Amino acid sequence: MPNSVVDDLLYEARLYAARFGRPHSVVPEKHLAIVTCMDSRIDVFGLFGLEIGDAHIIRNAGGIITDDVLRSLVLSQRVLKTREVVLVHHTDCGLQQIREHEFREKLRADVGEAPPYEFGAFEDVDAAVRRAVERVRAHKFLPSRDLVRGFVYEVETGTLREPR
Ligand SMILES: [Zn+2]
């Protein structure tokens, strides 16, 4: 069997448990939920100066607002008492490297069919984050919809900015 990175992870997990401090409340300290991309270059905690227990972090490819992200936000607000939502898209996203239609065609050629979900490909990151903010604000199952902000994180410079 080839060497798996999981062995290293398990080693680190044992060290982590040994130095584990106090447990935290299930309710995020800052009553905040953040939705962002799975991109390995985004250090959400470092970027916003957050600690464990401060916020819900919901991540997927693109940080796009899928039904499942809305599901998580509804639970975050209604069950776990968060109020503010921050959405972070970023430059050089993998979703800018595909075209939805082409990607689906490629899958059809490879597998015989395309999956039922959309991948959420986008070209303009600023437009994408503005759409994401609108989608969250329009979701009537969320009790707190006036404190939704969207930002673009520039992976080239480490800079967070408002969408243009
Ligand atoms: Zn991304």
Side-chain angles (χ1 to χ4, degrees), residues 4-6 8-9 12-13 16 24 28-77 80 82-111 113-139 141-142 144-164:
S4 167
V5 72
V6 174
D8 298 338
L9 301 186
E12 290 298 328
Y16 184 82
H24 296 273
E29 198 91 27
K30 294 191 186 296
H31 301 281
L32 166 70
I34 297 172
V35 182
T36 192
C37 184
M38 66 185 185
D39 194 290
S40 63
R41 297 166 292 183
I42 305 174
D43 171 10
V44 181
F45 288 88
L47 176 62
F48 292 119
L50 295 172
E51 304 285 344
I52 291 294
D54 278 351
H56 285 147
I57 316 286
I58 302 162
R59 301 186 77 156
N60 65 21
I64 59 171
I65 307 304
T66 60
D67 284 354
D68 192 62
V69 167
L70 291 170
R71 177 186 72 89
S72 298
L73 287 174
V74 169
L75 292 167
S76 176
Q77 290 198 352
L80 296 169
T82 65
R83 289 186 298 267
E84 295 192 54
V85 183
V86 169
L87 312 180
V88 181
H89 282 41
H90 69 97
T91 55
D92 193 35
C93 187
L95 280 180
Q96 293 171 300
Q97 292 177 16
I98 61 163
R99 296 288 165 266
E100 191 80 29
H101 179 73
E102 284 172 18
F103 196 64
R104 300 185 78 77
E105 283 308 309
K106 207 168 156 189
L107 286 171
R108 265 191 209 99
D110 280 2
V111 185
E113 61 182 324
Y117 45 81
E118 283 192 16
F119 289 93
F122 60 85
E123 288 180 44
D124 180 341
V125 65
D126 295 274
V129 77
R130 286 196 306 268
R131 270 200 310 277
V133 169
E134 288 314 308
R135 180 126 203 255
V136 173
R137 285 191 183 145
H139 197 60
F141 300 99
L142 292 169
S144 174
R145 285 179 287 157
D146 44 348
L147 298 172
V148 183
R149 301 279 304 274
F151 300 95
V152 173
Y153 174 70
E154 297 184 342
V155 295
E156 300 82 3
T157 61
T159 306
L160 189 80
R161 63 169 172 80
E162 301 274 350
R164 291 174 184 135

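Counting starts at 1 for both ligands and their atoms, in listed order. These numbers were taken from a predicted model, which means no experiment stands behind them. Here, residue 1 is the first one in the sequence, and each next residue gets the next number. These values consider heavy atoms only, across backbone and side chains, with no hydrogens, waters or symmetry-generated copies.
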Q) the Zn ion (ligand 1): which protein N, O or S atoms are under 2.8 Å away? A) C37 SG, H90 NE2, C93 SG
Q | Summary of salt bridge (Lys or Arg N to Asp or Glu O under 4.0 Å) pairs that have at least one residue in residues 83-92, sequence neighbours excluded | A | R41-D92
Q) Among all residues two or more places apart in sequence or in another chain, which pass the ring pair (Phe, Tyr, Trp, His ring centres under 6.0 Å) test with F45? A) none
Q: Indicate yes or no for a side-chain donor-acceptor contact from T159 to the backbone of E154 under 3.5 Å, with no hydrogens or angles considered.
A: no
(Q) Donor-acceptor pair, distance only, cut-off 3.5 Å: does the side chain of Q96 make one with the backbone of E123? (A) yes
Q) Going by atom types only, do T82 and H31 share a side-chain donor-acceptor pair under 3.5 Å? A) no
Q) Who passes salt bridge (charged side-chain N to carboxylate O under 4.0 Å, His left out) against D54, sequence neighbours left out? A) none
